[in-house]
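Only heavy atoms go into these numbers, but all of them, side chains included; no hydrogens, no water, no symmetry mates. Start at 1 with the first residue, then count along the sequence.
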Amino acid sequence: RVMESAIPGEHPLKQAAGEALSQIAQLESRYRKEDAWLSAAMARAQQARDVPVVKEEIAQLEEFLRGNPGYYLLHEVYYVLALNYQGLKRPGREYRCLKAAMDLKPGIVFYLPVKARAEKAIAAYNRKTAQDVTRVLLWMLLAVTAAVFYFSRPWQWVGVKHIILLLVMVL
């Protein structure tokens with residue numbers, strides 16, 4: 001938009017925009033194959049797929065991240081990785097990938113729904129963590145109750161009148 005504006009051609013802002021555009025064009029021509037692969041990966045990530053297929057895609061994306069640390073669309077690779085983790089219902093990893101995408105390129109929120117997805121992912125992660133903690137606490141409570149029941153040896157002192165009283169209270 002700077003290049004199309006009425007700013008004079010010799011203005012430093014217009015020159016900087018021209019240089020940035022030429023750098024982007026060079027990167028696009030250099031990474032043409034990777035860009036096509038990333039576009040296909042993004043399309044696949046938005047479709048429902050089987051778990052083994054998603055795990056394979058995650059492995060490929062992580063390998064790509066390790067092998068191409070200077071890739072100019074690294075933030076989008078993290079976004080696609082987050083979409084795949086969402087398919088596996090791994091909100092913690094999904095959130096970390098979305099955060100990495102936003103850290104690498106804060107402007108990604110203007111053309112991809114990264115921030116909204118990150119908020120949903122962290123909420124899902126918190127919910128899952130609360131469920132896991134609750135489940136562990138309930139199992140521990142059950143174990144303590146069973147131990148207390150065993151050590152109190154109710155079969156030695158509970159009689160018919162106690163059972164009738166319990167049934168009346170329950171009803």
Side-chain angles (χ1 to χ4, degrees), residues 1-7 9 11-142:
R1 289 186 180 168
V2 171
M3 296 302 288
E4 296 169 358
S5 69
I7 298 173
H11 192 277
L13 183 61
K14 200 159 198 173
Q15 290 175 354
E19 291 171 11
L21 285 174
S22 68
Q23 287 175 345
I24 290 172
Q26 289 173 355
L27 289 171
E28 285 176 341
S29 66
R30 179 178 171 198
Y31 290 110
R32 187 173 314 277
K33 185 175 85 172
E34 290 86 349
D35 289 349
W37 175 80
L38 181 61
S39 295
M42 187 173 297
R44 286 190 305 271
Q46 294 175 356
Q47 299 171 354
R49 297 171 293 152
D50 293 332
V51 171
V53 175
V54 174
K55 286 183 178 180
E56 177 63 29
E57 186 82 22
I58 287 172
Q60 289 176 359
L61 287 163
E62 288 176 345
E63 180 66 30
F64 183 83
L65 287 171
R66 282 190 295 277
N68 300 291
Y71 182 54
Y72 77 111
L73 293 178
L74 212 55
H75 55 283
E76 290 188 22
V77 176
Y78 277 107
Y79 178 75
V80 173
L81 189 58
L83 292 178
N84 282 291
Y85 277 124
Q86 180 186 21
L88 289 181
K89 302 206 182 332
R90 303 284 306 265
R93 291 196 179 186
E94 176 189 358
Y95 174 75
R96 284 191 291 273
C97 290
L98 291 168
K99 183 157 176 21
M102 287 188 291
D103 289 345
L104 284 171
K105 184 165 185 138
I108 194 172
V109 299
F110 294 118
Y111 65 96
L112 289 174
V114 178
K115 191 167 186 164
R117 285 185 185 272
E119 289 171 359
K120 285 181 184 178
I122 197 67
Y125 176 75
N126 290 339
R127 206 170 26 258
K128 184 179 182 320
T129 302
Q131 288 172 349
D132 291 347
V133 168
T134 302
R135 190 173 296 118
V136 167
L137 289 176
L138 287 174
W139 279 108
M140 288 173 56
L141 183 62
L142 180 64

Supply the atom-to-atom distance [X] [atom1] to [Y] [atom2], rounded to the nearest 0.5 angstrom.
| X | Y | atom1 | atom2 | result |
| --- | --- | --- | --- | --- |
| M140 | R135 | CE | CZ | 15.0 Å |
| R127 | D132 | CZ | CG | 12.5 Å |
| L38 | Y31 | CG | OH | 12.5 Å |
| M42 | L61 | CE | CG | 10.0 Å |
| R93 | L98 | CZ | CG | 14.0 Å |
| L21 | E28 | CG | CD | 9.5 Å |

Shortest non-hydrogen contact between [X] and [Y], atoms and distance:
| X | Y | answer |
| --- | --- | --- |
| A121 | P91 | O-CB, 3.4 Å |
| L81 | C97 | CD2-SG, 3.6 Å |
| Y95 | A118 | CD1-O, 3.5 Å |

Heavy atoms from other residues, nucleotides or ligands near [atom1] of [X] exceed 12 (cutoff 6.0 Å):
| X | atom1 | result |
| --- | --- | --- |
| E4 | CD | no |
| Y125 | OH | no |
| K120 | NZ | no |

So do [Y] and [X] actually touch side chain to side chain, heavy atoms under 4.5 Å?
| X | Y | answer |
| --- | --- | --- |
| N68 | V77 | no |
| Y71 | L65 | no |
| Y72 | Q23 | no |

| field | Listed partners of R30 passing side chain to side chain donor-acceptor pair (under 3.5 Å), at least two apart | value | none

| task | Take E76 and Y111, measure what side-chain hydrogen bond (donor to acceptor under 3.5 Å, both in side chains) needs, and give me the verdict at the end. | result | CA-CA 11 Å; E76 290 188 22; Y111 65 96; 3.2 Å; yes

| said: Let's go through W37 and Q60 carefully: what are the C-alpha distance in whole Å and the side-chain angles of both, what is the deciding distance for side chain to side chain contact (heavy atoms under 4.5 Å, CB included) to 0.1 Å, and is it a yes or a no? | reply: CA-CA 11 Å; W37 175 80; Q60 289 176 359; 4.3 Å; yes

| message | Test of understanding: with salt bridge (charged side-chain N to carboxylate O under 4.0 Å, His left out), list the residues that count as partners of R44, not counting sequence neighbours. | response |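 With neighbours one apart ignored, the set is E57.
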
| So, does K105 use its side chain to make a donor-acceptor pair with the main chain of H75 at under 3.5 Å? | no

| Does K89 offer a backbone N or O that forms a donor-acceptor pair with the side chain of K128 under 3.5 Å? | no

| Would you call D35-R32 a salt bridge at under 4.0 Å N-O? |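 No, D35 and R32 are not salt-bridged.
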
| said: Checking R117 against L83 for the side chain to side chain contact (heavy atoms under 4.5 Å, CB included) test, could you report, in this order, the C-alpha distance in whole Å, the side-chain angles of both residues, the deciding distance, and whether it holds? | reply: CA-CA 9 Å; R117 285 185 185 272; L83 292 178; 3.4 Å; yes

| request: Could you point out which residue of K55, E94, R49 forms a side-chain hydrogen bond (donor to acceptor under 3.5 Å, both in side chains) with N84? | output: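 That would be R49; it is the only one of K55, E94, R49 passing the side-chain hydrogen bond (donor to acceptor under 3.5 Å, both in side chains) with N84.
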
| request: Check step by step if side chain to side chain contact (heavy atoms under 4.5 Å, CB included) holds for K99 and Y78. | output: CA-CA 9 Å; K99 183 157 176 21; Y78 277 107; over 6 Å; no

